[in-house]
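What follows is a set of notes on a single structure, which appears directly below.
Note on naming: letters A, B, ... go to the chains in the order of the sequence lines (proteins, then strands), and numbering restarts at 1 for each one.
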Amino acid sequence: MSTSPANVGLATAGSGAAREWLAVVRAVTRRQFVTLLRYQASFWASLASPFLSLAVAMFLAKAFAGAAGPEGFAASSGTADFRSYLTLSVLFWAFVESQLSFGFGLLGEMERGTLESLFLTPMPRSAYLVGMALYSFARTGLSVGLTLAAGLLVFGIEPPFNPAWAVGLTVLNLVVVHGYGLVLAAVVLLVRSGAFTYAWGSVLPLLAGQTFSVGLLPAPLRAISAALPLTYGLDALRWAFSGARPAFPLGLEVAVLALSAVALPAIGLALFGRVERIARQRGSFGQF
Amino acid sequence: MNLAAGFRMVLALARKKLAQELAYKASLLMWFIFPFLFIAPYVYQARFFAGPGGEGVGAFTRLAGTDNYLGFIVVGATLWYWLTNLLWEIGFSIRDEQSMGTLEQLWLTPAPRWLLITGNAAANTVINTFMSLAVLGIAHLWFGLRLTADPGLLALACGLSWLALYGMGFFYSGLVMLLKEAEGVVRLGNEVVLALAGVTYPLAVLPGWAGVLGKAIPLSWALKVLRGILLEGRGWAALSGDLLVLALFAILTPAAGLACFGALERVTRRRGILGEY
């Protein structure tokens, strides 16, 4: 590309827009953290929650582990490393829940009557969504980091079974989880209620096998489970971290995960844009 | 306020709350389906860790005193869910009144404040009873859960557990009023109780210090007695010691809860933040 005055002007305008976009992301993230810190009990609850969930899962596992170790778990999963299996499952779920609650943030704006004011500002919608997602990931990352540190001390967690795959699959899974968040946020905006997200969040640990293999589920539930990208992502992650036998062929799990990482965020963004247009036409931004 | 007037007030509050709940049919369904959705993953995790040939069941039996891990988890998680519903209900009823700006007016009426809280708890008892029966019924159909009971002993154990658990509600009410936060307080409290009270696993699996804390929670004693009755078919003589401890909790927890509620309410009023949110 030549460096004509026109191109330099375009580049300057482009970098200005990028700066503005980043400023919106920063402002949205900061606002969310200021609100979180305003409610101390909720803040401490959000920090402690993953560790307490991990403790419950670990102690339940220990109740089935005799002097010879976790024989039942080893027979079910093909590995004796139940600590990595459960730690990964519970911590990954903290990210899933953070993205599920993404829509509740929108609902809060609707109920307080601030969503209309927010969407009337000239901020790019993508910057708002990225800011909200960044906040969710940062907040969850903080509690997950603390849980990992505490988990190492209390339960003694093993290093990943396959570190390279563990990193790659974690990144792909986080992208998929964010895609889920966008789709559910669009649903909240459309139906103006958090009931669907709440119901989905309640049934998902059972369907995706939060702390067990979905192979244990009855056939009808297994069929639904097999239609969820999260099932494959979580199962592949557990293999990478603990060496547990996957419920589906590993190649299939990775392929579904990679495809979902491309498709779900794109579908989520497109859906959110479409629903926002519908909400503008209906004039339903302020309704709940 | 005399006893009859107090009773009428509790009844009126309970009817108001039940009418509100019945007006939202979808939410009503949630009361009965969601507890099962909460419990089922724990049962599947237990099955997964028990192993395909029951390799881990022996270890569980040595710690829990029963090999019926399905019943152990379902009874534990159902009662925990009962407590959770109660604390959400009581916590949010105070918080909602604060948010709507009606708490100060309500507090200015001549009705004793503990009775205002008991009204919501009464409605919650009706809903929770149906919820528990529905969960046990679904668990029977889904997992093949089987329970046994001496009706008289079960009624006594449920009554004592009710008093012990609802006593915790008074303490929570005061805390929510003072901190002006219901969600964080209740969520944190519920998760700590879930981890320490032996809801899905026996207390013996906890480290020493955590086991001591667990035994200080009324729910763990309610669970010990109810599991003894429902899973092992134990009688009066076998459970007399545990029933005595539960009876002590049934007296002490409401008394301590009311004292805490009174103290926290006084602090809230001194600060002039009763109506703030």
Side-chain angles (χ1 to χ4, degrees), chain A residues 36 38-77 82 85-86 89 154 193 195 198-199 201-218 221 244, chain B residues 26-27 29-30 33-60 62-64 69 72-73 142 175-176 179-196 198-207 210:
Chain A
L36 174 73
R38 183 73 185 79
Y39 295 94
Q40 294 283 313
S42 294
F43 173 68
W44 289 110
S46 73
L47 278 189
S49 185
F51 178 73
L52 291 169
S53 299
L54 178 62
V56 170
M58 285 283 193
F59 288 128
L60 178 54
K62 283 189 170 185
F64 287 92
E71 291 174 284
F73 173 75
S76 294
S77 67
F82 72 91
Y85 186 96
L86 288 176
S89 300
V154 180
S193 159
Y198 183 63
S202 299
V203 78
L204 209 51
L206 176 65
L207 291 177
Q210 185 191 358
T211 50
F212 57 89
S213 167
V214 292
L216 278 184
L217 293 173
L221 287 189
Chain B
S27 311
L29 194 68
M30 288 180 187
I33 302 293
F34 283 10
F36 180 74
L37 292 175
F38 165 78
I39 292 167
Y42 288 114
V43 174
Y44 281 114
Q45 189 197 333
R47 276 193 180 166
F48 192 58
F49 280 76
E55 293 87 343
V57 177
F60 183 87
R62 278 191 292 282
L63 290 167
Y69 65 85
F72 190 94
I73 291 172
W142 194 277
L175 211 56
V176 168
L179 296 176
K180 294 175 283 178
E181 275 188 74
E183 191 179 340
V185 171
V186 176
R187 203 174 122 203
L188 192 58
N190 283 337
E191 289 184 340
V192 169
V193 169
L194 179 64
L196 293 178
V199 174
T200 57
Y201 42 79
L203 283 178
V205 84
L206 292 173

Review point. Do you know the tightest heavy-atom contact between L207(A) and V214(A)?
Key: O-CG1, 3.5 Å
Review point. For the residue pair A45(A) and G184(B), what are the closest heavy atoms and their distance?
Key: CB-O, 3.8 Å
Review point. If you count heavy-atom pairs under 4.5 Å between each of A63(A), A75(A), G209(A) and chain B, which one has the most?
Key: A63(A)
Practice item. Go through the atoms of L54(A) and report whether side chain, backbone, both or neither lie under 4.5 Å from a heavy atom of chain B. Key: neither
Check your understanding: So which heavy atom on L203(B) is nearest to which on G198(B), and how close?
Key -> CD2-N, 3.6 Å
Study note, to complete from the structure: In short, T211(A) meets F48(B) closest at the heavy-atom pair O-CD2, 4.3 Å
Review point. Side chain, backbone, both or neither: which part of A61(A) has a non-hydrogen atom closer than 4.5 Å to chain B?
Key: both
Revision key, fill the gap. Looking only at heavy atoms, the pair that brings L86(A) and A57(A) closest together is CD1-O, 3.4 Å
Exercise for review: Identify which part of A68(A) has an atom lying under 4.5 Å from any heavy atom of chain B, answering side chain, backbone, both or neither.
Suggested key: neither
Review point. Under a 4.5 Å heavy-atom cut-off, does chain A meet the side chain of Y44(B), its backbone, both or neither?
Key: both
Practice item. Give the member of F212(A), F43(A), W44(A) that has the highest number of heavy-atom pairs under 4.5 Å with chain B. Key: F212(A)
Point to revise | Residues, nucleotides or ligands: over 12 heavy atoms within 6.0 Å of Y198(A) OH | key: no
Review point. Under the 3.5 angstrom rule, does the side chain of E71(A) hit a backbone N or O of G66(A) as a donor-acceptor pair?
Key: no
Revision key, fill the gap. Most contact-rich option vs chain A, by heavy-atom pairs under 4.5 angstrom, among Y69(B), F60(B), F49(B), is F49(B)
Exercise for review: Name the region of P70(A), side chain, backbone, both or neither, that has any atom closer than 4.5 Å to a heavy atom of chain B.
Suggested key: neither
Point to revise | Considering all heavy atoms, the nearest P52(B)-S76(A) contact | key: CD-OG, 3.4 Å
Review point. Checking A74(A) against chain B: side chain, backbone, both or neither under 4.5 Å from a heavy atom?
Key: neither
Review point. For V186(B), is it the side chain, the backbone, both, or neither that has a heavy atom closer than 4.5 Å to a heavy atom of chain A?
Key: neither
Point to revise | chain A contact via L196(B) - which portion, at a heavy-atom distance below 4.5 Å | key: neither
Check your understanding: In terms of heavy-atom proximity below 4.5 Å to chain B, should Y85(A) be classed as side chain, backbone, both, or neither?
Key -> side chain
Practice item. Below 4.5 Å from any heavy atom of chain A, which atoms of L63(B) appear? Answer side chain, backbone, both or neither. Key: side chain
Practice item. Report yes if some heavy atom in the side chain of Y201(B) is under 4.5 Å from a heavy atom in the side chain of L206(B); otherwise report no. Key: yes
